[in-house]
Trainee: 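First, the structure itself, so that you have it in front of you.
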Amino acid sequence: MKRKRIVKNSIVRLLLRVVKLILIFFVGASLFGVLLFKFINPPFTWLMIERGFERKHAGKDWKIDKDWKDFDEISDNMKRAAVAAEDQLFLEHHGFDFHAIEKAINKNMHSKKLMGGSTITQQTAKNVFLWQGRSLLRKGLEAWFTVLIEAFWSKERIMEVYLNVIEMGDGIYGAEAAAQAYFHKSASNLTQRQAAAIASIFPSPLKWSATKPSKYVRHRQFLIRKNMRRLGPLSF
């Protein structure tokens, strides 16, 4: 009996040690990744790879259309449109908009259509470091990376990465690729209306069109332009 207890305690200690090592490795690896991408541009995201395989499975060519542009090479209109559309308190919060999260939870309790409450920082964390989905594990990891990003990156860097990696169409990622695909111009030259058109499809870029919008998307564009005018200057 005593021997069984000793063996059991040894197994428990071993498991705890393994869990401890896994946690230490995870924390170290996540810190390294966040610090690395503070200075180095992410070469790809898991979503880009996933979408590429989805296209191949559908009989289409592999396509990852992206062209990284530095923060100052992206039109202020595009930055304002992103904030107006996705996260109007972006420059004020520290990664989480708890009012928006509470509002999303309340709405989701009474609706079959899920509403998100993610900030631009949360979306950046998800796009750069994680996979798609709504599991508790993924949301927990998203919160962890959001805290790290807000701690180590500037708001300027968060916006720069966000506008270079998010999906903006079928095989189209980032503001530059979207500007070229939809308006045949650089992201640095986007007008207010064009930037709002691109931002209007952020929630569902594979279903909605920036240049051939439905009535609902046109209304979103109108609201985004209205919010852009109301925002005032953005001080990154």
Trainee: Decide if atom CZ of R193 counts as having more than 12 heavy atoms of other residues, nucleotides or ligands within a radius under 6.0 Å.
Mentor: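 It does not: R193 CZ has 12 such atoms or fewer within range.
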
Trainee: If you draw a 6.0 Å radius around CH2 in W46, do more than 12 non-hydrogen atoms from other residues or ligands fall strictly inside?
Mentor: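 Not more than 12 within 6.0 Å, no.
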
Trainee: V19: which other cluster members, linking ILVMFWY side chains closer than 4.5 Å, directly or transitively?
Mentor: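 Members besides V19, by chain and number: L23.
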
Trainee: Taking all non-hydrogen atoms of both residues, which atom of K63 and which atom of D170 are closest, and how far apart?
Mentor: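 So the minimum-distance heavy-atom pair works out to NZ-O, 3.2 Å.
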
Trainee: K79: what forms a side-chain hydrogen bond (donor to acceptor under 3.5 Å, both in side chains) with it, not counting sequence neighbours?
Mentor: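 Partners of K79 by the side-chain hydrogen bond (donor to acceptor under 3.5 Å, both in side chains) criterion, ordered by chain and then number, come out as D76.
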
Trainee: Could you go through R230 and N227, starting from their C-alpha distance and side-chain angles, then the distance that decides it, and tell me whether this counts as side chain to side chain donor-acceptor pair (under 3.5 Å)?
Mentor: CA-CA 5 Å; R230 186 174 56 81; N227 287 333; 3.1 Å; yes

Trainee: Using a cut-off of 6.0 Å, state whether more than 12 heavy atoms not belonging to L137 lie near its atom CG.
Mentor: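 Counting neighbours around CG of L137, more than 12 heavy atoms of other residues, nucleotides or ligands fall under 6.0 Å, so yes.
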
Trainee: Is it the case that over 12 heavy atoms from other parts of the model lie below 6.0 angstrom from the NZ atom of K226?
Mentor: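 It does not: K226 NZ has 12 such atoms or fewer within range.
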
Trainee: May I ask you to test the R229-Q192 pair for a side-chain heavy-atom distance under 4.5 Å?
Mentor: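 Touching, per the 4.5 Å side-chain cut-off.
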
Trainee: So which atom in P213 and which in Q221 form the shortest heavy-atom distance, rounded to 0.1 Å?
Mentor: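 Smallest heavy-atom distance, with atoms named: CB-NE2, 3.7 Å.
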
Trainee: Do the side chains of L47 and L163 join up, straight or via other hydrophobic residues, at under 4.5 Å, putting them in one cluster?
Mentor: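 Unlinked, L47 and L163 end up in two clusters.
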
Trainee: Identify which one of K126, Q123, E86 satisfies the side chain to side chain contact (heavy atoms under 4.5 Å, CB included) criterion when paired with S118.
Mentor: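 Single pass found, and it is Q123.
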
Trainee: How are the rings of W153 and F129 set relative to one another: parallel (under 30°), tilted (30 to 60°) or perpendicular (over 60°)?
Mentor: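 Ring orientation of W153 relative to F129: tilted.
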
Trainee: Quick one: pull up CG in N127 and OG1 in T124 and give me the separation to the nearest 0.5 Å.
Mentor: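 With rounding to 0.5 Å, CG (N127) is 7.0 Å from OG1 (T124).
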
Trainee: Using every non-hydrogen atom in the two residues, find where Q122 and E142 come nearest and quote the distance to one decimal.
Mentor: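 Looking at all heavy atoms of both residues, the closest pair is NE2-OE2, 3.2 Å.
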
Trainee: Is the Y216 to W208 ring centre distance short of 6.0 Å?
Mentor: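 Distance test on ring centres: under 6.0 Å, yes.
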
